[in-house]
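Notes follow once the structure below has been shown.
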Amino acid sequence: AVIIKNGRVLLIKRTKPDIIYWVIPGGAVEENETDEQALTRECKEELGIEIAVNDLLLKMDSKKPETMGQEEHFYLCTIKGGELGTGHGPEFTKPSIYVGKHEIEWTEIKGLKEVDLKPKDIQDLIYNKFLNNK
């Protein structure tokens, strides 16, 4: 879910023992789910918000070793409701299977090149497409 508001993009900062990087909110499509249904569910779980799924911005093959061969889809989304930061997904349960921290951050698009946003393809697309579109 690429969520842009007031010149900023909503990201999740991932802090692990050996690395810090940022990702776009989202996750796997479960059986019998559409991309849109999965993204809506993931945003509720990770962020605590309801979204409207809009345009498909990018479709690419995953570059992560654990998901090699799968497609990743990045949609432009808008927030419809809910309270940011009230996510209840497996990332936030104790004990969690996830290592490290998940922190929700609004990041200025003009400073996007200063963070390690993965994958770089979406970082470049957001920077180039939305830098001057507030």
Fill in: Shortest non-hydrogen separation from M68 to K63 and the atoms involved
CE-O, 3.7 Å

Discussion item. Taking side chain to side chain donor-acceptor pair (under 3.5 Å) as the definition, give me every residue that meets it alongside Y21, ordered by chain and number, with sequence neighbours left out.
Written reply: K16

Worksheet item: Is L58 linked to W22 within one hydrophobic cluster, defined over Ile, Leu, Val, Met, Phe, Trp and Tyr using a side-chain heavy-atom separation of less than 4.5 Å?
Response: yes

Worksheet entry | Rounded distance (nearest 0.5 Å) linking atom CD1 of I126 with atom CG of L131 | 11.5 Å

Worksheet item: Do the non-hydrogen side-chain atoms of F130 and L76 ever get within less than 4.5 Å of each other?
Response: yes

Worksheet item: More than 12 heavy atoms of other residues, nucleotides or ligands under 6.0 Å from NZ of K101: is that the case?
Response: no

Worksheet item: Of the non-hydrogen atoms in E50 and G82, which two are nearest, and what is the gap between them?
Response: OE1-N, 3.4 Å

Discussion item. For V23, run the side chain to side chain contact (heavy atoms under 4.5 Å, CB included) check against I12, L11, D116 and tell me which one passes.
Written reply: I12

Worksheet item: Would you call L125 and V2 a side-chain contact if the rule is heavy atoms closer than 4.5 Å?
Response: no

Fill in: Linked, directly or transitively: M60 and L117 (ILVMFWY side chains, under 4.5 Å)
yes

Worksheet item: Can you tell me how far CG of L84 sits from CD of E46, rounded to the nearest 0.5 angstrom?
Response: 11.5 Å

Worksheet item: Quick one: are Q123 and K120 in side-chain contact, heavy atoms under 4.5 Å?
Response: yes

Practice prompt. Over all heavy atoms of both residues, which pair between A1 and C43 is shortest? Give the atoms and the distance, please.
Written response: CB-SG, 3.5 Å

Worksheet item: If every non-hydrogen atom of K110 is compared with every non-hydrogen atom of Y127, which pair is closest and at what distance?
Response: O-CE1, 3.9 Å

Item to complete: Show the numbers, then the answer: is there a side chain to side chain contact (heavy atoms under 4.5 Å, CB included) between I49 and I3?
Response: CA-CA 11 Å; I49 59 172; I3 301 170; 3.9 Å; yes

Fill in: Distance (rounded to the nearest 0.5 Å) between E72 CD and K59 NZ
13.0 Å

Worksheet item: Is K80 close to I51 at the side-chain level, that is, under 4.5 Å between some pair of heavy atoms?
Response: no

Worksheet entry | Approximate separation, where rounding is to 0.5 Å, of E108 CD and E105 CD | 12.0 Å

Worksheet entry | Flag side-chain contact, heavy atom, 4.5 Å: H102 against R14 | yes

Item to complete: Supply the atom-to-atom distance H73 NE2 to L39 CG, rounded to the nearest 0.5 angstrom.
Response: 11.5 Å

Response to the item:
Rounding to 0.5 Å, atoms CD (E42) and CD1 (I24) come to a distance of 13.5 Å

